[in-house]
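Note sheet for the following structure.
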Amino acid sequence: MTQKKKLPVLGLGALLLSGGCALAQGVDTIPGMPPVVDPHNIYTETVAGHLNPEVAQDPARVYVPNLRSNNVYVIDPQTYKVVARFKVGESPQHVVPSWDLRTLWVTNNAEGTTQGSLTPIDPRTTKPLPEVAVDDPYNMYFTPDGKSAITVAEARERLDFRDPHTMALQGSVSVPRCRGVNHADFSIDGRYAIFTCEFDGYLAKVDTVNRKVLGYLRLSGGGMPQDVLTAPDGHKFYVADMHADGVFIIDGDTFRETGFIHTGTGAHGLYPSRDGTKLYVANRGSHKIHGRPHSKAGGVSVIDFATDKVVTQWRIPGGGSPDMGNVSADGKTLWLSGRFDDVVYAIDTTTGATRKIAVGQEPHGLTVWPQPGRYSIGHTGILR
């Protein structure tokens, strides 16, 4: 199958691989992980213009999984039109770029059943490939060394480490104090990841090399943590919380809460700007899992990474429910699903002006493709 094809690690950081040592860059990474080019900014390789030549040949598209209509809509970002749609498995949650950037995986977790699956998409043809049966894949990540995919079995309170191409099971990590385990991000050296526990108000720190839980952290407020994003320094983590209406700041190394930034009602998705200076926070406009459409509180907060201050607020005209997505390759557009409004938002990152595109029922974790970067660690496209 085409998803087994491996893409060489290219870009600025690839020139350092021949030395075989990331220590020259000041970060002792796990074996096999591409070196950190700048220890002060893990996003240097995802700026506009850093498209891998192989990836640059993929058509520019926005892939939207629709949770309730069990399909994926494909949008041409140049025309803002839906140009294709296809059926996938039951309850598609996210579209996840693979570590080698050659496959987009739709995570169909088949809520309440054991009929979960992954639908691979070939980004060169924009067409789906045969599904792979996988138990409860709510979300998916890839270890930074590219050796494993981690399917997040939310209902099972389990992280399944799998072959990143065939999805054959390598082993599992149980997270029994993490009800609703769903989102994560990795430390600068790749040695650990922090996962959110949506229904417990906890975070779980997981050793990605030895595959074990290192500990749990109860957040001081809120109680419904969602997306996680690593700060440019690779040690600080931001955690969106739908009940706290903002973002908790976590010291990943000591695993301690160090601050909180109020953003807006139902803080949910977190995405770095293409230049690595800002954090976009999608505020879903509701504290509920199944909220009402056209929430006047729905919008986007823009946080300055350097100061941890909100510098801009964008409201959705007429109300909305911005959820998950990503930033265009040129950084000019923030694409987000309108979870309760059955639309996708294309938000101008300079002015906040918003376009709406009608899609299927309850769009969730869309991805924008292609994106700059050397490799993906999953979700809707966390590239480095």
Q) Who pairs with Asn66 by side-chain hydrogen bond (donor to acceptor under 3.5 Å, both in side chains), at least two apart in sequence or on another chain? A)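 Expected list: Asn71.
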Q: List for me each residue that meets side-chain hydrogen bond (donor to acceptor under 3.5 Å, both in side chains) alongside Arg284, sequence neighbours excluded, and say none if there are none.
A: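 Partners of Arg284 under the side-chain hydrogen bond (donor to acceptor under 3.5 Å, both in side chains) test: Asp323.
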**Q.** Qualifying salt bridge (charged side-chain N to carboxylate O under 4.0 Å, His left out) pairs, either residue in residues 81-90, two or more places apart
**A.**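 The answer is none; no pair qualifies.
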Q.
Please list all pairs meeting salt bridge (charged side-chain N to carboxylate O under 4.0 Å, His left out) that have one or both residues in residues 301-317, counting only residues at least two apart or in different chains.
A. Lys236-Asp308, Lys278-Asp304
**Q.** With Phe186 via ring-ring contact (aromatic ring centres under 6.0 Å, His included) - residues at least two apart
**A.**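 Listed in chain order: nothing, the list is empty.
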Q) Considering residues at least two apart in sequence or located in another chain, which fulfil the ring-ring contact (aromatic ring centres under 6.0 Å, His included) criterion with Phe255? A) none
Q: List the steps, then state whether side-chain contact (heavy atoms from CB on, under 4.5 Å) holds for Glu54 with Arg102.
A: CA-CA 9 Å; Glu54 176 83 5; Arg102 298 318 308 139; 4.0 Å; yes
[Y] and [X] side chains, donor-acceptor separation under 3.5 Å:
{"X": "Asn283", "Y": "Ser301", "answer": "yes"}
{"X": "His287", "Y": "Asp245", "answer": "yes"}
{"X": "Asp251", "Y": "Thr254", "answer": "yes"}
{"X": "Trp369", "Y": "Asp58", "answer": "yes"}
{"X": "Asn108", "Y": "Ser117", "answer": "yes"}
{"X": "Asp227", "Y": "His268", "answer": "no"}
{"X": "Asp160", "Y": "Ser172", "answer": "yes"}

**Q.** Residues that Glu257 engages under salt bridge (charged side-chain N to carboxylate O under 4.0 Å, His left out), provided they are two or more places apart
**A.** none
**Q.** Residues which pass side chain to side chain contact (heavy atoms under 4.5 Å, CB included) with Ala353, listed by chain and number, not counting sequence neighbours
**A.** Asp348, Thr351
For residues [X] and [Y], determine if any side-chain heavy atom of one lies less than 4.5 Å from a side-chain heavy atom of the other.
{"X": "Asp342", "Y": "Lys356", "answer": "no"}
{"X": "Pro372", "Y": "Arg274", "answer": "yes"}
{"X": "Val344", "Y": "Leu366", "answer": "yes"}
{"X": "Phe86", "Y": "Ile121", "answer": "yes"}
{"X": "Val96", "Y": "Asn139", "answer": "yes"}

Q: Hey, can you tell me if Phe305 and Tyr238 have their rings parallel, tilted or perpendicular (30° and 60° cut-offs)?
A: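 If you compare the ring of Phe305 with that of Tyr238, the planes turn out tilted.
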Q | Residue pairs involving residues 288-298 (criterion side-chain hydrogen bond (donor to acceptor under 3.5 Å, both in side chains); sequence neighbours excluded) | A |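 Passing the test, one end in residues 288-298: His294-Asp341.
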Sequence neighbours left out, cut at 3.5 Å: what donor-acceptor pairs do the side chains of residues 197-207 make with other protein atoms?
{"unit_1": "Glu198", "atom_1": "OE1", "unit_2": "Asn182", "atom_2": "ND2", "d": "2.7"}
{"unit_1": "Glu198", "atom_1": "OE2", "unit_2": "Gln226", "atom_2": "NE2", "d": "3.2"}
{"unit_1": "Asp200", "atom_1": "OD1", "unit_2": "Arg179", "atom_2": "NE", "d": "2.9"}
{"unit_1": "Asp200", "atom_1": "OD1", "unit_2": "Arg179", "atom_2": "NH2", "d": "3.4"}
{"unit_1": "Asp200", "atom_1": "OD2", "unit_2": "Arg179", "atom_2": "N", "d": "2.8"}
{"unit_1": "Lys205", "atom_1": "NZ", "unit_2": "Gly252", "atom_2": "O", "d": "2.8"}
{"unit_1": "Lys205", "atom_1": "NZ", "unit_2": "Asp253", "atom_2": "O", "d": "3.1"}
{"unit_1": "Asp207", "atom_1": "OD1", "unit_2": "Val209", "atom_2": "N", "d": "2.9"}
{"unit_1": "Asp207", "atom_1": "OD1", "unit_2": "Asn210", "atom_2": "N", "d": "2.8"}
{"unit_1": "Asp207", "atom_1": "OD2", "unit_2": "Asn210", "atom_2": "ND2", "d": "2.9"}

Q.
Suppose clustering is done on Ile, Leu, Val, Met, Phe, Trp and Tyr with side-chain heavy atoms closer than 4.5 Å. Which residues sit in the same group as Trp314?
A. Tyr271, Tyr280, Val300, Val302, Val311, Ile316, Met324, Val327, Leu334, Leu336, Val343, Tyr345, Ile347
Q) Using a side-chain heavy atom cutoff under 4.5 Å and only I, L, V, M, F, W and Y, what cluster partners does Leu67 have? A)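 The other cluster members (ILVMFWY side chains, heavy atoms under 4.5 Å, direct or chained): none.
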Q: Mind running salt bridge (charged side-chain N to carboxylate O under 4.0 Å, His left out) on Asp189 and Arg191 for me, showing each step along the way?
A: CA-CA 6 Å; Asp189 57 9; Arg191 285 185 164 79; 3.6 Å; yes
